[in-house]
Amino acid sequence: MTEFEPNIIGFLCNWCSYAGADLAGTSRMKYPPNIKSIRVMCSGRVDTVFILDALKKGADGVLVAGCHPGDCHYQSGNYKTNRRIKLLKKLLGDMGVEPRRVRFEYISASEGQKFAKVVTDFVDELKKMGPNPLKTLQD
């Protein structure tokens with residue numbers, strides 16, 4: 001039997017987090033290939049419906065990454081996302097889905113090392129949790 005490999009969807013802000021992921025790649029930093037990145041103009045653009053839909057369709061985890069506080073190119077998108085994610089985690093817990101399957105991080109364009117560490121840690125955490133229980137509802 002092969003080891004469970006989690007499937008992660010990453011919503012990365014164009015200005016900071018996506019550039020941080022790019023830096024990790026161009027610097028040849030090692031991190032698991034489990035993440036499928038989606039570039040969004042701002043983490044504030046990530047609606048909770050997108051996250052719920054990704055989980056419903058079988059993602060084992062969702063990472064939303066944005067600019068550090070005070071650095072958002074759209075002024076307050078990252079603050080709104082932080083609040084939205086906290087509320088979503090409460091909802092997920094009420095639904096019987098482990099809230100740690102959703103993660104929000106501040107990652108700047110110069111933090112390729114942080115991006116690699118966040119992905120590595122998230123993959124390890126999801127491996128301990130096992131497959132997304134919503135995935136079995138689709139089968």
Side-chain angles (χ1 to χ4, degrees):
M1 188 169 124
T2 60
E3 184 181 8
F4 163 66
E5 286 296 333
N7 180 23
I8 300 170
I9 300 299
F11 293 101
L12 310 178
C13 118
N14 178 62
W15 304 103
C16 288
S17 305
Y18 193 84
D22 190 47
L23 177 62
T26 57
S27 300
R28 300 188 188 281
M29 295 175 189
K30 296 220 182 289
Y31 63 91
N34 302 59
I35 189 165
K36 281 77 177 170
S37 298
I38 299 170
R39 185 188 330 199
V40 293
M41 290 310 290
C42 178
S43 62
R45 175 64 183 95
V46 180
D47 194 306
T48 53
V49 173
F50 301 165
I51 297 167
L52 290 169
D53 197 42
L55 292 170
K56 187 181 96 180
K57 290 182 176 174
D60 298 300
V62 177
L63 170 67
V64 179
C67 302
H68 283 275
D71 287 342
C72 180
H73 285 68
Y74 301 98
Q75 296 174 341
S76 61
N78 50 0
Y79 293 109
K80 291 175 184 170
T81 301
N82 192 16
R83 287 193 307 268
R84 221 179 276 145
I85 296 292
K86 286 178 183 174
L87 290 171
L88 175 64
K89 286 183 171 213
K90 287 181 184 178
L91 175 68
L92 288 173
D94 292 344
M95 293 170 45
V97 176
E98 177 58 58
R100 292 177 311 168
R101 290 190 180 278
V102 176
R103 190 164 174 173
F104 178 67
E105 292 285 342
Y106 297 115
I107 302 173
S108 77
S110 64
E111 293 180 315
Q113 189 78 41
K114 182 177 181 182
F115 177 82
K117 182 172 178 12
V118 165
V119 172
T120 302
D121 292 349
F122 199 25
V123 167
D124 292 343
E125 189 174 8
L126 289 169
K127 282 183 178 181
K128 289 176 190 158
M129 277 188 249
N132 175 358
L134 296 177
K135 198 184 292 189
T136 57
L137 297 176
Q138 287 202 322
D139 296 337

Could you check whether any side-chain N or O of S43 sits under 3.5 Å from a backbone N or O of T81, counting only pairs where one atom can act as donor and the other as acceptor?
no
Is there a side-chain contact between I51 and V64 in this structure, where contact means two heavy atoms from C-beta onward sitting under 4.5 Å apart?
yes
Just wondering, do T48 and L87 contact through their side chains at under 4.5 Å, heavy atoms?
no
Less than 4.0 Å between a side-chain N and a carboxylate O, is that true for K90 and D94?
no
Does some side-chain heavy atom of P32 sit less than 4.5 Å from a side-chain heavy atom of T120?
yes
Just verifying a value: how many Å separate F115 CZ and S108 OG, rounded to the nearest 0.5 Å?
12.5 Å
Salt-bridge criterion met for R103 and E105 (N-O under 4.0 Å)
yes
How long is the straight-line distance from CG of L52 back to CG of L91, given to the nearest 0.5 Å?
6.5 Å
Would you compute the distance between atom OG of S17 and atom CG of L63 and round it to the nearest 0.5 angstrom?
8.0 Å
Measure the shortest side-chain to side-chain distance between C13 and C42 over non-hydrogen atoms and say whether it is less than 4.5 angstrom.
no
Using a distance-only test with no angle check, is there a side-chain donor-acceptor pair under 3.5 angstrom linking N82 and Y106?
yes
Nearest 0.5 Å, please: how far is CG in L12 from CD1 in I38?
8.5 Å
Taking everything shown except K80 itself, do over 12 heavy atoms lie less than 6.0 Å from its NZ?
no
Is R101 salt-bridged to E125, cutoff N-O under 4.0 Å?
no
Those residues at least two apart in sequence (or on a different chain) that pass side chain to side chain donor-acceptor pair (under 3.5 Å) with Y74 are W15
Drop me the distance from C16's SG to H68's NE2, to the nearest 0.5 angstrom.
7.5 Å
Under a 4.0 Å N-O cut-off, is there an ion pair linking D124 with K128?
no
Across all chains, not counting sequence neighbours, the side chain to side chain donor-acceptor pair (under 3.5 Å) partners of R84 are none
